[in-house]
Amino acid sequence: MDFTLSSEQQQIKESVDRFVADAYGFDARMALSKSADGFSRDHWSTFAELGWLGIALPEDRGGFGGTPVETMIVMEAFGKALVLEPFVPTVVLGGTALAYGGTNAAHGDRLNAMIAGDVLLALAYAEGNSRYDPSIVGTTAKPDGSGWIVDGTKRAVAYGAAADTYVVSVRTGGGEHDEDGITLVLIDRDAPGVSRVDYRTVDGQRASDVTFSGVRIGADAVLGEPGKGLGLLEYVLDSGVAALCAEAVGNMSVMQKTTVDYIKAREQFGVPIGSFQVLQHRAVDMLIEVELSRSMLYYGTVAIDPNGDAKERMRAISGTKAQIGRSGRVVGESAIQLHGGIGMSEEYMIGHYFKRMSMLGLALGDTDFHLRRFIAAGNKSGGEGSGIGSAGKQLAGVN
Amino acid sequence: MDFTLSSEQQQIKESVDRFVADAYGFDARMALSKSADGFSRDHWSTFAELGWLGIALPEDRGGFGGTPVETMIVMEAFGKALVLEPFVPTVVLGGTALAYGGTNAAHGDRLNAMIAGDVLLALAYAEGNSRYDPSIVGTTAKPDGSGWIVDGTKRAVAYGAAADTYVVSVRTGGGEHDEDGITLVLIDRDAPGVSRVDYRTVDGQRASDVTFSGVRIGADAVLGEPGKGLGLLEYVLDSGVAALCAEAVGNMSVMQKTTVDYIKAREQFGVPIGSFQVLQHRAVDMLIEVELSRSMLYYGTVAIDPNGDAKERMRAISGTKAQIGRSGRVVGESAIQLHGGIGMSEEYMIGHYFKRMSMLGLALGDTDFHLRRFIAAGNKSGGEGSGIGSAGKQLAGVN
Amino acid sequence: MDLSFSPEDLRFREEIRAFVAAELPPAIKHKMQAGIELERDDYVAWQKILSARGWLAPNWPVEYGGTDWTIVQKHIFDEELAVGFAPRSLPFGVSMVAPVIINFGSEEQKQRYLPRILSSEDWWCQGYSEPGSGSDLASLSTRAERDGDSYVINGAKTWITLAQYANMIFVLARTDPTAKKQKGISFILVDMTTPGVTVRPIETIDGGHEINEVIFENVRVPLENLVGTEGGGWTYAKFLLEHERNGTAGVAGSFQMLDRLKEIASEQRYNGSTLMQSGDFAKRIAEVEVRLTALSFTQMRALAAESATKSPGLESSYIKITGTEIQQAITELMMEAGGYESFDDRSRNALLYFNFRKTSIYAGSNEIQRNILAKRMLGL
Amino acid sequence: MDLSFSPEDLRFREEIRAFVAAELPPAIKHKMQAGIELERDDYVAWQKILSARGWLAPNWPVEYGGTDWTIVQKHIFDEELAVGFAPRSLPFGVSMVAPVIINFGSEEQKQRYLPRILSSEDWWCQGYSEPGSGSDLASLSTRAERDGDSYVINGAKTWITLAQYANMIFVLARTDPTAKKQKGISFILVDMTTPGVTVRPIETIDGGHEINEVIFENVRVPLENLVGTEGGGWTYAKFLLEHERNGTAGVAGSFQMLDRLKEIASEQRYNGSTLMQSGDFAKRIAEVEVRLTALSFTQMRALAAESATKSPGLESSYIKITGTEIQQAITELMMEAGGYESFDDRSRNALLYFNFRKTSIYAGSNEIQRNILAKRMLGL
């Protein structure tokens, strides 16, 4: 049992921490958020130069052979600084899909271009009727010669305007709710028949609703095996959830520390408000939630393993997201309340952490969704009350 | 709008308050709880003499023509003193069933005997498979000449050993979960084929599981219309829930006040523990829950009307029970926590209030059950979000 | 025990309801329904309609243009405005400064300011909170120094709702810096067009601009703009805050938000059905609805008690706590119900959730309210 | 980053597990599974089995009969006992008084008392809480006055677990009534057969009899029964309490209760199916299970940190808070899941819920733990 980082990982951490300390002051971040793209392409080049874009991807796919722990390190630091660049859509979601679903040389080239910083990616999986469930796919791909014609609309594609290429879940067979018949395909943003509605998100990021109208793609656009894309998509999403959870833990830990500092400094009735027992206990509860979240983050991150048991992974990840969703709500709401009026101000940093954390609670599935998924993944044998493989239980020796 | 009691009601209140002040000290109550019957037949005679047993029953059925408010007054006082006598099973559940379901002279005689204090009643509706749902009835009544033969087991019949006669829900038609085909019948405790397992309940009361094996009853045993008993049963249960809610508010208000007194008197670290802000706020939260519960109690009580709209009544009563279930949990758990070690002691009163309140939270349906019933009763039109007749909304003018 | 309104009150409610239905401009109603911020003209238009009917200031004595409504009727009036999606009557003039002027002001002040409130010539804003004071109002540091026939005011006030539209502000300022905390504070009326007054907008985390900072740099105000006696400001402020605290429960508004929440949950597809039809989300909504119903009757009980005793009780503190917690619970469910739609900053789901965080902070934070209840109601 | 146990630790776990499976008397295991209170003989039988294997006192130095296990191994050992439904090693002798004697006692005391703990000749109980002291231990009022070669003890101790089985008690008593609070307190070992010692049972609200009051009336104790120095008792008590606080998270036990909860929910028919199959009850269970999983890893992180630094951190405070809150949440769900069965006092559902209310009160109430964390971890 070892919760420490290797020396290589420690170096990455220091490198990312240095970057955000230099580049991501509050005012700089606010300016970036309001810029045309909503993030900095210069920063993106820096990420590429520092090797972060391929950090956790397998070496045989052009990556640097790191593990999800490397992604966690980067994302926790990004969470601490509210970094805006589309690391999760491009690297974690798009990159994972290409790395594990890529079947031809063009896919490899695209992945290499992504790692080099030349191509941005996004995942388009959510639909108006799907909420967070990746198995509900109404977007169709109908056979057309050796390729397909895609029709449908995907919602809330993170940084859809910036992404050059989308990884899109389409239905090549079965009904809207069938697990079989889902296929992941690549579609370029600028392909004929692709249109977008772009918007800002409430946490200062960007997203798009993307509509595909008679978009023609070739057979080589398919990632993985046609009709069998759901397993890959779940793996991709779990990788993304783990990354968002790392971001959330970074975010929460800043809210927790900032709030403690604030109530130490802020005076009311002639004393620091941090001397009031009710605020003290609420600050302690924030600390507890951050620590529980961090523990789950480690558990969830380590469960991301392309060769591991999918049910175990889904259970670990969904448990992690559920815990972090709950904890984030407690920490965020407490942070605002303990800051009082200044917490409501757009000019002060805490509200931005709160808003981002609120959206992290929903992104790629809210607590409710992941609790259901946690239950479904655990009940492998169909029974309840026994035989559930839970790492927590294994750790405690109960099984 | 008037939340005050009439002068007659005020007199009843004073009379009941006087009784419990005289007869229901902590030690006397503990001794009663441990006695053979678990309550006092002398007290019961007193109730009859003071006219409490017919207080809310219609005059044309031999009652004194009061309203559910009279029952509320009695039960709140009983709740304050943890009164053990089976007022709810006999008077509120049994009495209401006989008053509104009685169809012949024998039923009238039985009701009069109950009002006179000579007969105790109990409601036997719950089964091993039914949880709290009165429409799930597996106990069967098969035609036998002009009468019926009853088979089945009823669970958790409150004071089933003391009751002379049971009001039993049986199935005379339809399947186990059908709403039609349920009939309420009277069965004497000592009838051939009736057997019991008696036990103490965790709150110091008594209950029985009652089994009917080939019990023969005549056609005159039926209350109301055969096969159409569910409506009557729901009304009976709602009357019982209202009474339990009144008991709960009495109980909670004692816990709340006792806890405030305790933390004022109890010293730690050289000061009363009531000077610690965290305990102060928790005491305030207890107060808020008691007040919200009391408001709902008034709303629910007034909704009990045999000529009123059943859906409105069910919605009001289930809302009331749900609120009081939640509030009771908060108040009870806080009371124990704020009392510290002494709260765990069987020798001190607060734990007994806590235990009774815990069971009141489950009796005749827990919060979960009543929230579902609240939803079901509200969606009369089948739609959501509009047209829901809620008195709170009406009060606020929203509809 | 009778929980329904009297026939007179029901008739009164019908009258108000019919008035709102007939007189509220559709464009304003639409903005209110859609959650779009109103502009100055919208408020003024509606205030003039109310004023023409004699209903802009129900709480004032009849002699100054108020009404003789009962406490219950005043409550019905407030609720009916919310129910009909009419803008709230802005409290700053009508409900804050006016009662202070009526009770403590000079005859000249009454003659000058009250009619200008009724005619919407003056738009008032409040000036008591300061960046450094928060819940500890008495720690304020804005100074008003006598200089000839003027006070010279220096300092900053914050958390000032709609100050961008106001031409008048009432200011709590320290006129005697040597006196202890609550002493030495005065209540002064300031024309915001006076040189030295600057309004600085504060954007809030929901993207709204409702609140402002107002900065005073050597602002000269005639001595006659003092209300009551010098150093008596704390008494007037306490009087004012007790008035403000009523009506923060927002019961009718919460019932409306609840309806909107149910609509959202009914539109969201979920697991082959709708979110509303999934038992557990519906149950979470029901739980809030039950609590809101309990609050509505609790508020009625408080009104009945106030009607009987003619003085508001401490119930307003727990009604405020519960009302704001319910608002926050509803908006939290709205954000959650919206799913990916809640990310879109053109949707109100998440923004309402952000916005309503303020309600447990302002008008006496919920922590302060619990302190008050612990001390004054429980004797702790 | 590697979250699994090392191969050595896994082997160690197998060894413990096999031992428990082979050696635990079935009758005792049955009582533990069914939640039946153990009797004195049950405890003693199991302690003798452990002692024979050399595992009764893993925390002691090897020279006194302890083990050289790592912190992780000690944790595994505790968890395995819970997993195998073995009785917990009663802490009063092994984990409370013994470490105090080992660290602060005389050589004679070590020679006399430690072997008698290992052999189960002595059954210890604790005597620090008093009826009047609660969480404010230092306010204790039991006195020990010197009289010749004896202390004469007068006072009362309460909340004393299993005192009815004990023959020895360690007492915190005030030897210098003029000294301030924490000063003047001494740590004295008392033979309970001494005249003047009375044990009075306290029934708890779950119907159990685990706790007692012990009353001292002119109890004469030889001076040599003082541990360490006179007036040094507070230091030893603090040392002891820090030892006690570890191991109150009960993670393995909570996983077992969770299994039992799922069984109950699977047995309860509900709405045409089972309670467990109803989405929302399962979700409430899942929520606790997730939190318990988070706690189990949090405890591992604390153990890893303790292994590295060789000193326990403040994590034990938040592990205690969270662990007890989870226990209470599980037993609450058990009571609720049981439905009408929970009324029956032969069922454990509600009684466990009642019983577990104590966990947020004892071993430093959760309020005290939060005070400690606020002060020492957050610097508030």
What part of [X] gets closer than 4.5 Å to chain D, counting heavy atoms only: side chain, backbone, both or neither?
X        : result
B:Leu364 : both
B:Phe269 : both
B:Arg282 : side chain

Please check if the side chain of B:Arg131 supplies one atom and the backbone of D:Ala337 the other of a donor-acceptor pair under 3.5 Å. yes
Looking at chain B, which one of [options] has the largest number of heavy-atom pairs inside 4.5 Å, strictly under?
options                                : value
D:Leu137, D:Leu275, D:Asp280, D:Asp344 : D:Asp344
D:Glu267, D:Lys358, D:Arg370           : D:Lys358
D:Ser342, D:Ser129, D:Ser347           : D:Ser342

Answer yes or no: is there a side-chain heavy-atom contact under 4.5 Å between B:Asp368 and D:Phe281? no
Just so I know, are the side chains of D:Asn349 and B:Val202 near enough to count as touching, which here means a heavy-atom distance under 4.5 Å? no
Is the shortest side-chain N to carboxylate O distance from D:Arg269 to B:Glu176 below 4.0 Å? no
To the nearest 0.5 Å, what is the distance between CD on B:Glu347 and CD on D:Glu213? 8.0 Å
In this structure, NZ of B:Lys355 is separated from OH of D:Tyr353 (nearest 0.5 Å) by 12.5 Å
Chain B contact via D:Glu336 - side chain, backbone, both or neither, heavy atoms under 4.5 Å: both
